[in-house]
Amino acid sequence: MTILDDFRQYRNAYFLALSVSMGSIFYGFDVGLIGGVLALESFQHYFGLDEMSPREKAALSGNIVVILQLGCLLGALGVGSFSSRYGRKPCLAASGIIFIVGSSIQVLVGLGLSRGYALSSLYWGRFLGGIGVGMVTALVPAYISECVPKAIRGRCAGLVQLAINFGIMLSFWVNYIVSKHVASTETQWRTPFAMQIIPGFLFLSLLPFQPESPRYMVEHEQYGRAAQTLAFLAHTTPDDEQVLIAVEEIKADFKGKRQLSPSQQIALMGETSGIALQCFIPSLVMFFQQITGTNAINYFSPQIFANLGIGGTSAELFATGVYGIVKVVSVAFALAFSVEGAGMGRKNSLVVGGLGQGAMMLLLWLGGLSRSTGALISTISIGAVYLYAVFYSIGWGIFNIFTCVWGPIPWVLAGEVAPNHLRTTVMSMASGTNWLLSLTVSKLTPIMLNELRYGTFLLFGCCCLLMSFWAWLCLPETAGYTLEEIGLLFEKDVIVRALQDAPGGYLFLGARFVAPIRSAAPADPSEEDRWESDGGERSNLLSH
């Protein structure tokens with residue numbers, strides 16, 4: 001099937017993924033805009049940052065960034081029970097409304113009040129907007145994974161990261177444009193806050209056209225509606241055999257596990273070692289994603305580029321804008337030309353991406369150790385930042401450009417590894433972990449850049465290498481399986497499966513071999529016979 005045929009068949013599923021990914025655009029916009037706003041002289045003068053010592057300025061800048069993450073943390077952790085009770089769509093709509101209200105407060109801070117209240121109003125606006133963003137990050141990946149056919153699940157879930165990067169890029173360029181073409185007044189820094197409201201309205205306007213999650217419908221015994229939704233998204237009929245099989249699989253998976261409260265879901269997370277592992281991995285990959293240092297660059301890129309030798313606020317914001325373009329183009333290229341189940345898949349993209357990110361961070365550290373301010377060192381360092389963005393976004397390295405993407409993979413992996421009957425709470429916890437670590441990194445980064453300077457890049461580089469090693473050793477490949485089948489990968493022999501899927505892992509396996517489960521099995525019957533003779537496992541589940 002060509003890419004064009006693929007889009008024709010699954011156009012409804014792609015439109016669903018694109019529509020709800022608008023929520024990730026306002027997430028990305030909120031992430032990217034604050035670093036540029038903090039760099040504007042008009043903002044610094046209005047809030048008194050230009051009168052502070054470097055240490056005081058770093059602490060206040062961290063607070064302004066962190067208050068958003070605090071709201072995101074609470075929004076992500078609190079939305080799980082509501083989405084289980086009322087459905088994914090109503091909660092998504094609520095997240096958009098809360099975000100718009102919070103963004104509006106940020107635009108209006110200080111108007112009609114003394115400046116003494118402006119900073120506290122800014123904190124409240126960012127906190128409220130953060131609640132909406134946190135709800136989106138917990139809901140969108142799970143909603144997409146539950147709705148779209150497995151053949152395009154990775155690509156559709158990857159649109160989340162594409163949208164985030166697109167929002168970040170937009171905010172970078174909005175900051176650059178206002179720094180160049182808007183007078184250094186209150187209007188200059190209020191404009192970026194106002195612009196972030198636009199993707200929030202787009203998100204809310206597209207949401208009514210999308211269906212409720214079919215897995216939510218099955219959980220509430222709405223089997224006919226679930227079949228209609230699956231048929232609509234696969235561009236077929238409700239009586240199609242694969243649609244009926246998919247509904248039966250979901251029903252079987254939910255048997256005895258319907259309508260669990262968050263406390264009941266938490267209690268069941270330790271039901272078996274395999275389920276415990278499935279519940280742990282989403283939070284772990286979110287932890288790893290944050291300690292790569294990507295949000296340190298997203299939030300504080302103007303300061304980082306200034307340390308690398310780029311002088312002047314406009315020049316720093318321009319370099320930041322180029323960084324945003326690099327990330328968007330990298331992710332878009334990989335999503336457009338990746339082949340589900342082919343290339344390097346989830347696992348090897350994580351390995352290659354982590355190695356590349358770590359290498360670029362270590363290069364930045366070595367450039368700082370040279371203590372040279374020459375043009376060559378600065379150019380190499382700036383190039384390393386851009387290459388870091390490429391490795392973060394697509395992770396293709398030297399092996400295969402037709403692959404799944406690194407940036408989206410934590411969200412793809414979290415959404416598909418979480419057990420179906422525990423997904424809402426597991427994804428809330430994973431998103432909460434993401435925001436807790438983002439909060440920590442955002443608070444510490446300006447302090448580390450001020451105190452450790454280039455040692456900051458050494459710390460992030462080591463974390464990237466650790467992350468890559470974990471993916472190589474402990475993570476089985478999940479591409480090509482339905483959500484109902486992925487749990488079978490974690491029932492036993494997880495490390496053996498992981499090494500079997502890892503580059504060079506066979507060197508450590510000896511004679512041990514574990515066969516893939518049914519969906520990843522070759523079509524050749526002789527191959528199936530060979531698996532059975534080797535003691536491999538088989539699953540009778542069919543994919544939809």
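Values below: all heavy atoms of this structure, side chains included; hydrogens, waters and symmetry mates excluded.
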Inset, instruction - State whether the side chain of Arg215 and the backbone N or O of Glu146 hold a donor-acceptor pair below 3.5 Å, judged by distance alone. - result: yes

Inset, instruction - Compare all side-chain heavy atoms of Leu268 with those of Leu422 and state whether any distance is below 4.5 angstrom. - result: yes

Inset, instruction - Find the distance between CZ (Phe209) and CZ (Phe15) and round it off to the nearest 0.5 Å. - result: 7.0 Å

Inset, instruction - Could you tell me whether the side chain of Gln357 and the main chain of Cys464 form a donor-acceptor pair under 3.5 Å? - result: no

Inset, instruction - Take Leu489 and Val494 through the side-chain contact (heavy atoms from CB on, under 4.5 Å) test and state the conclusion after the steps. - result: CA-CA 7 Å; Leu489 297 174; Val494 178; over 6 Å; no

Legend entry - Side-chain heavy-atom pair Glu248, Leu244 within 4.5 angstrom cut-off: no

Inset, instruction - Answer yes or no: is there an ion pair linking Arg225 with Glu212, defined by an N-O contact shorter than 4.0 Å? - result: no

Legend entry - Phe490, CZ: over 12 other non-hydrogen atoms inside 6.0 angstrom: yes

Inset, instruction - Please name all residues satisfying side-chain hydrogen bond (donor to acceptor under 3.5 Å, both in side chains) with Ser21, sequence neighbours left out, ordered by chain then number. - result: none

Inset, instruction - Please answer whether the main-chain N or O of Phe26 pairs with a side-chain N or O of Gln196 as donor and acceptor at a distance below 3.5 Å. - result: no

Inset, instruction - May I ask you to test the Tyr386-Ile325 pair for a side-chain heavy-atom distance under 4.5 Å? - result: no

Legend entry - Pairwise side-chain contact, Leu204 with Ile97, heavy-atom cut-off 4.5 Å (strictly under): yes

Legend entry - Closest non-hydrogen atom pair, Gly28 against Ser171: O-OG, 4.2 Å

Inset, instruction - Mark yes or no for whether Ser95, through its side chain, and Leu92, through its backbone, hold a donor-acceptor pair below 3.5 Å. - result: yes

Inset, instruction - Write down the atom of Ile98, the atom of Gly132, and the distance for their closest heavy-atom approach. - result: CG2-N, 3.8 Å

Inset, instruction - Just do the side-chain contact (heavy atoms from CB on, under 4.5 Å) check on Ile131 and Cys72 with the steps written out, would you? - result: CA-CA 5 Å; Ile131 292 176; Cys72 292; over 6 Å; no

Inset, instruction - Check for a donor-acceptor pair, side chain of Trp472 on one end and backbone N or O of Pro503 on the other, with a separation under 3.5 Å. - result: yes

Inset, instruction - To the nearest 0.5 angstrom, please state how far the CE atom of Met427 sits from the OG1 atom of Thr433. - result: 10.5 Å

Legend entry - Nearest-0.5 Å distance, CG of residue Leu16 to OG of residue Ser213: 9.5 Å

Legend entry - Lys347 (side chain) donor-acceptor with Ala471 (main chain) under 3.5 angstrom: yes

Legend entry - Contact summary for Thr229 and Pro214, nearest pair of heavy atoms: CG2-CD, 4.0 Å

Inset, instruction - Just jot down the salt bridge (charged side-chain N to carboxylate O under 4.0 Å, His left out) partners of Arg85, sequence neighbours excluded, or say none. - result: none

Legend entry - Which atom of Val136 lies closest to which atom of Ser24, heavy atoms considered: CG1-N, 4.2 Å

Legend entry - Side-chain heavy-atom pair Pro199, Met22 within 4.5 angstrom cut-off: no

Inset, instruction - Answer yes or no: is there a donor N or O on one side and an acceptor on the other, between the side chain of Ser283 and the main chain of Cys279, under 3.5 Å? - result: no

Legend entry - Main-chain N/O of Gly505 paired to Gln500 side chain as donor or acceptor, under 3.5 Å: no

Inset, instruction - Considering non-hydrogen atoms only, spot the tightest contact between Gly461 and Met361 and give its length. - result: CA-CB, 3.5 Å

Legend entry - Beyond-backbone contact of Val243 with Thr237, side-chain heavy atoms, under 4.5 angstrom: no

Legend entry - Inter-residue atom distance Lys251.NZ - Glu221.CD, 0.5 Å rounding: 9.0 Å

Inset, instruction - Could you go through the side-chain contact (heavy atoms from CB on, under 4.5 Å) check for Phe82 and Met135 one step at a time? - result: CA-CA 10 Å; Phe82 290 100; Met135 292 170 65; over 6 Å; no

Legend entry - Separation between CG of Asp30 and CD1 of Ile25, rounded to the nearest 0.5 Å: 13.0 Å

Legend entry - Nearest-0.5 Å distance that lies between atom OH in Tyr388 and atom CZ in Phe460: 8.0 Å

Legend entry - Contact check, side chains of Arg512 and Asp493, non-hydrogen atoms, under 4.5 Å: yes

Legend entry - Pairwise side-chain contact, Leu362 with Leu465, heavy-atom cut-off 4.5 Å (strictly under): yes

Inset, instruction - Heavy atoms only: give me the nearest Ala226-Val218 pair and the separation to one decimal. - result: CB-CG2, 3.7 Å

Inset, instruction - Measure the acute angle between the ring planes of Tyr14 and Tyr10, then classify it against the limits of 30° and 60° as parallel, tilted or perpendicular. - result: perpendicular

Inset, instruction - Would you sort out whether Met269 and Val426 count as a side-chain contact (heavy atoms from CB on, under 4.5 Å), showing the intermediate values? - result: CA-CA 9 Å; Met269 287 181 186; Val426 170; 3.7 Å; yes

